[in-house]
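Reviewing the structure listed below.
Nothing here was measured: the structure is a model prediction, and the numbers come from that model. Order of the sequence lines fixes the chain letters, A, B, ..., with proteins taken first and strands second; residue numbering starts at 1 for each chain.
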Amino acid sequence: MALPLPPGLTPAETAFLCEMEMVTVIPRQRLEGLELLGGPIPPLNPPYRTPLPLWLALLLKRQRRANILPPPWLSPPSLHSILDFEKSTPSFSPPPPLPPYATTSPPFLPSATANAPPDALPYHWLELGEMLLEAANDDIPEPDNVRRLMRDLREVRMAKMRAGVGVLEGGREVNMNGVGGMEVAEGRAFIGGVVDGLRKIGASKELSRREREAEERENGIGGGEEDEDDMDI
Amino acid sequence: MGSYYDIDAILTDAQKVPCTFDLDIPGLGYLDENAGGDVPLPIQTQYSNYVAALTPHSQIKAGTRVSLPLWLSTLLAVQRLGPSSQALCTLDLPASIAPRVLAALKAGPKTVDLRQLASHYYELAARVLELFEEEEIVDILCETFKERAAEIADHAHNPRGALGEAQDFLRGLDEMERQLFRSAHGSSNAMREWMGEAKKKR
């Protein structure tokens with residue numbers, strides 16, 4: 001009857017979307033430009049940096065035809081400062097600022113190239129970091145340190161997401177700005193379940209609140225007239 | 001309400017709630033497991049013939065307290081014989097949301113075994129509260145659910161799942177909470193799988 005998969009994206013699907021992100025590579029071999037459906041790939045000339053989609057960069061990296069230049073935020077000092085920020089506030093660290101002309105959303109933003117802002121985690125930070133760490137281990141400075149910091153960051157943020165559930169109530173909301181794609185994929189089932197459960201339990205209260213509000217609105221009109229009468233006197 | 005085929009909604013409907021009859025009603029004696037109340041259903045007979053055939057035992061007396069399934073008791077509680085008549089029975093608060101249980105939930109939401117009280121605890125409570133409008137109870141239940149949900153999330157993150165150290169707590173989850181645990185555990189496992197898979201490819 002139902003689709004076997006729960007709503008939302010699986011981790012593998014999120015990672016697939018992430019492969020559209022542009023990263024900067026330093027080619028080791030010449031390659032002519034390619035005309036692909038997803039857009040033209042610029043020609044690769046060995047010493048010059050070129051932006052490529054992650055899937056192609058990973059492919060070339062595995063064939064040892066290119067080195068990947070990791071984005072600036074994927075370095076121990078940046079991750080350290082972001083981690084400190086995460087620990088000091090209850091909210092998530094803000095996403096990188098959008099370029100002023102941007103009309104697109106994450107996989108099409110230059111948030112993982114060599115000139116990305118170093119002090120903010122982009123939308124696909126977790127999956128991109130994981131994939132780079134395992135395919136381009138040797139291109140990343142201090143990979144073990146980076147891996148450890150990534151794991152710490154992930155745990156701190158997951159704990160925040162779970163804690164956010166505790167303050168959910170009727171009209172109140174949890175600020176989830178800056179949460180990454182993979183984190184949404186992981187947290188969706190739980191958070192959705194809690195919100196749904198609260199809605200079911202609170203349904204009767206919500207109904208009576210609405211009735212009361214409707215009543216007050218009617219009375220409010222009556223009350224207004226009374227006030228006008230008072231004014232006349 | 002959920003879908004017509006929603007098994008949880010059906011099971012919620014089948015849970016029993018106590019109610020008190022306000023009128024003498026002939027022919028409903030079997031609800032109280034009355035000895036003489038075993039009268040065959042009136043198939044192709046006039047209703048008046050059927051009523052005449054009833055023994056005095058087969059009537060249910062006013063003031064009798066019986067436990068009836070939710071679907072039946074809600075219908076009886078709103079059904080009136082005539083425009084001026086009172087309802088056939090009054091619904092009482094079920095034991096699962098009695099003040100004693102609520103006090104325990106307020107004191108320590110994580111220590112109460114909800115499953116023992118009712119297998120579909122929250123849904124039953126929500127259905128009953130639709131009729132009672134006790135906002136304080138709704139608040140207590142919301143608070144309980146949230147606190148237990150946080151605990152559930154912590155356990156769902158544990159790769160050993162329900163076999164970990166928190167067996168007692170997890171056994172006391174009601175059906176809605178179990179669903180929550182299952183989905184949270186599933187997504188956490190999927191994530192772990194992806195991470196492991198990512199490592200294998202090297």
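- Every residue meeting the side chain to side chain donor-acceptor pair (under 3.5 Å) condition with T90(B), not counting sequence neighbours, appears here in chain and number order: D22(B).
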field: Residues L207(A), E130(B); criterion side chain to side chain contact (heavy atoms under 4.5 Å, CB included); working and verdict
entry: CA-CA 9 Å; L207(A) 195 72; E130(B) 265 171 35; 5.8 Å; no

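- For the pair W194(B) and A15(A), the tightest heavy-atom approach, listed with the atom from each and the gap, is CZ2-CB, 3.4 Å.
- Atom CD of E213(A) has more than 12 heavy atoms from other residues, nucleotides or ligands within 6.0 Å.
- No other option in I152(B), D154(B), L131(B) has as many heavy-atom pairs under 4.5 Å with chain A as D154(B).
- Dense packing is recorded around CZ of R115(B), with more than 12 heavy atoms of other residues, nucleotides or ligands lying under 6.0 Å away.
- The number of heavy-atom neighbours closer than 6.0 Å to CD of E136(B), taken from other residues, nucleotides and ligands shown, is 12 or below.
- For the side chain to side chain contact (heavy atoms under 4.5 Å, CB included) with M195(B), the qualifying choice from E134(A), M182(A), R154(A), E127(A) is R154(A), the only one to do so.
- Residue A153(B) comes nearest to F190(A) through the heavy atom pair CB-CZ, 3.4 Å, listed as atom of the first residue, atom of the second, then distance.
- Shown here are the side chain to side chain donor-acceptor pair (under 3.5 Å) partners of T20(B), two or more places apart in sequence or in another chain: D92(B).
- Heavy atoms closer than 4.5 Å to chain B are found nowhere in R199(A), neither backbone nor side chain.
- I201(A) and A126(B) make their closest contact through CA-CB, 4.3 Å (heavy atoms, listed as atom of the first residue, atom of the second, distance).
- Proximity to chain A (any heavy atom under 4.5 Å) is shown, for M191(B), by both the backbone and the side chain.
- In terms of heavy-atom proximity, A185(A) sits nearest to S187(B) at O-CB, 4.4 Å.
- The contact between A149(B) and chain A is made by backbone and side chain atoms together, counting heavy-atom distances below 4.5 Å.
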